[in-house]
2 protein chains.
Amino acid sequence: MTPKIETFVMHCGEMGSRWGFNRTIGQMVGLLIVSDKPLTANELSDTLNISRGNVSMGIKELQSWRLIKTKHVPGDRKDYYEPAGTIWELATQVFEERRKREMDPTLSLLRSVIIEEPANVQEEYAQDKMMEIHNILESITSWTSELQSMNPDKLKTLMKLGSSVGKVLDMKDKLLSNSK
Amino acid sequence: MTPKIETFVMHCGEMGSRWGFNRTIGQMVGLLIVSDKPLTANELSDTLNISRGNVSMGIKELQSWRLIKTKHVPGDRKDYYEPAGTIWELATQVFEERRKREMDPTLSLLRSVIIEEPANVQEEYAQDKMMEIHNILESITSWTSELQSMNPDKLKTLMKLGSSVGKVLDMKDKLLSNSK
DNA sequence: TTAAACTTTCAATAATTTCTGAAACTTCAA
DNA sequence: TTGAAGTTTCAGAAATTATTGAAAGTTTAA
């Protein structure tokens with residue numbers, strides 16, 4: 001690793017747990033992203049100075065996040081690993097996966113609590129609040145799944161739109177009737 | 001705590017670390033949200049069975065996230081705590097705070113690494129990738145700050161727009177020239 | 001002032017999470 | 001088959017993070 005690459009990879013390690021995984025997994029995905037060729041598990045282990053067993057577990061975890069994929073080189077029995085898509089695809093994958101882990105369980109718990117009749121006035125207040133949380137989480141979920149299903153170029157256009165979004169909304173009704 | 005409230009509060013505890021804090025802090029904010037009146041630190045400590053010291057630290061943390069605020073009752077020396085805003089405001093606050101913690105440090109590191117000249121062909125590849133990451137993080141940052149600055153109603157309208165956003169984009173140029 | 005009522009701090013400990021390394025497992029060429 | 005080359009598993013150790021509780025700090029009323 002050159003100094004610049006090492007700086008980046010170590011940063012990915014430090015941020016790893018904030019992004020939803022742990023230090024070594026952060027380093028692994030950082031290194032794979034900036035490598036111009038696929039790497040073997042042993043190369044990861046040697047380069048990052050972490051045990052072979054830890055690399056094996058990290059790979060499993062990164063595969064469960066769909067962030068890396070295996071590549072085979074003809075005539076070579078080793079498994080090579082590389083990022084599972086473009087940077088853009090990796091980013092949306094991380095958001096999607098985190099949404100699943102951070103919001104879906106809560107959504108399902110809230111649904112089960114909300115359908116019951118409140119037993120007293122405190123519960124009525126509490127269930128109102130839970131309903132509010134439920135509705136926001138549901139909006140966010142359906143909104144992000146809409147965004148995911150758009151192609152990346154369109155999404156980038158939307159993001160670049162920035163403050164004009166406000167204007168777009170002001171005109172929305174007119175716009176939608178025109179485009180029917 | 002009634003059973004339903006307890007279920008919700010304990011769930012907030014379990015999800016706490018996924019949402020960016022720890023178990024007891026998750027429980028604290030969950031309880032404060034569903035309480036129909038402000039609570040004192042001792043009430044939190046007793047209700048949740050956690051030490052008074054832990055509550056004090058949790059309050060500090062929740063204040064640094066701007067999720068709770070202090071309320072004083074005339075003639076009572078105790079500090080009472082309640083959510084710092086509507087559910088919607090709390091949600092955007094969590095997103096904003098997490099963005100600061102999860103993306104800003106990376107953005108600034110990437111900037112410093114990218115401006116240097118690549119020393120060889122590997123670094124050139126790596127710095128290209130870092131630039132891609134940087135650009136995506138920057139788009140997300142400016143996009144979310146646009147969203148934050150919109151009033152909640154407008155934001156809800158935008159979310160409800162859902163897949164129609166695609167149509168909006170198709171018409172954007174026409175729209176923007178009309179609205180000048 | 002004093003002391004009661006309350007809050008904060010922080011060193012020690014408990015709980016949890018991560019990491020290692022050796023053993024078990026798998027695959028394949030000879 | 002065998003064994004070499006590779007991967008995975010998992011119990012125990014190490015590292016990190018969360019929690020307690022006692023002491024120190026703060027504020028206010030008398």
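Lettering of chains follows the sequences in order, A, B, ..., and the numbering in each one begins at 1.
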### Message
Just the rounded figure in Å: distance from P of D:dT16 to CD of A:E14.
### Response
12 Å
#### Entry: SB check B:K4 A:E116 (cutoff 4.0 Å)
yes
### Query
What nucleotide among D:dT7, C:dT7, D:dT19 has an atom nearest to a side-chain atom of A:N42?
D:dT7
### Summary
Given the options A:Q93, A:R98, A:R99, A:E96 meets side-chain hydrogen bond (donor to acceptor under 3.5 Å, both in side chains) only with A:R99
### Task
Taking all heavy atoms of A:L32 and all of A:Y81, pick out the closest pair and write down the distance.
CD2-O, 3.5 Å
### Query
Is A:R52 near enough to C:dG21 that one of its side-chain N or O atoms lies under 4.0 angstrom from OP1 or OP2?
no
### Task
Among C:dC19, C:dT9, C:dT16, find the nucleotide with the atom closest to the side chain of B:R23.
C:dT16
### Message
With side chain to side chain contact (heavy atoms under 4.5 Å, CB included) as the criterion, how do A:I68 and A:E82 come out once you've worked through the C-alpha distance, each side chain's angles and the decisive distance to 0.1 Å?
### Response
CA-CA 6 Å; A:I68 62 171; A:E82 63 183 5; over 6 Å; no
### Task
Would you kindly give the CD-to-P distance between A:E61 and C:dC19, to the nearest whole Å?
11 Å
### Query
In terms of side-chain heavy atoms, does A:T86 have a donor or acceptor partner in B:E132 at a distance below 3.5 Å?
no
### Task
Would you kindly give the CD1-to-P distance between B:I59 and C:dT9, to the nearest whole Å?
12 Å
#### Entry: N or O in side chain of B:N22 less than 4.0 angstrom from D:dT19 OP1/OP2
yes
### Query
Under the ring-ring contact (aromatic ring centres under 6.0 Å, His included) test, which residues partner B:W65, sequence neighbours left out?
B:F21
### Query
Phosphate oxygens OP1/OP2 of C:dC19: is one of them under 4.0 Å from a side-chain N or O of A:T24?
yes
Taking only nitrogen or oxygen atoms into account, show me every contact under 3.5 Å that the protein makes with nucleotides 25-30 of chain D, one pair per line with its distance.
residue, atom, partner, partner atom, Å
D:dT27, O2, B:R77, NH2, 2.6

### Query
When you look at CE of B:M1, are more than 12 heavy atoms from neighbouring residues, nucleotides or ligands closer to it than 6.0 Å?
yes
### Task
Answer with base, sugar-phosphate or nothing: what part of the nucleic acid does A:I50 contact at a heavy-atom distance below 4.0 Å?
sugar-phosphate
### Task
Calculate the interatomic distance between A:Y81 atom OH and D:dG6 atom P; express it in whole Å.
12 Å
### Message
Rounded to whole Å, please give me the gap between CZ in B:R18 and C1' in C:dT16.
### Response
15 Å
#### Entry: Value in whole Å for how far the C1' atom of C:dT7 lies from CG of B:N54
14 Å
### Summary
Whole-Å distance, B:Q63 CD to C:dT7 P, equals 12 Å
### Query
How close or far is atom C1' of C:dT7 from atom OH of B:Y80, stated in whole angstroms?
15 Å
### Message
It should be established whether B:K60 places a side-chain nitrogen or oxygen under 4.0 Å from OP1 or OP2 of nucleotide C:dT7.
### Response
no
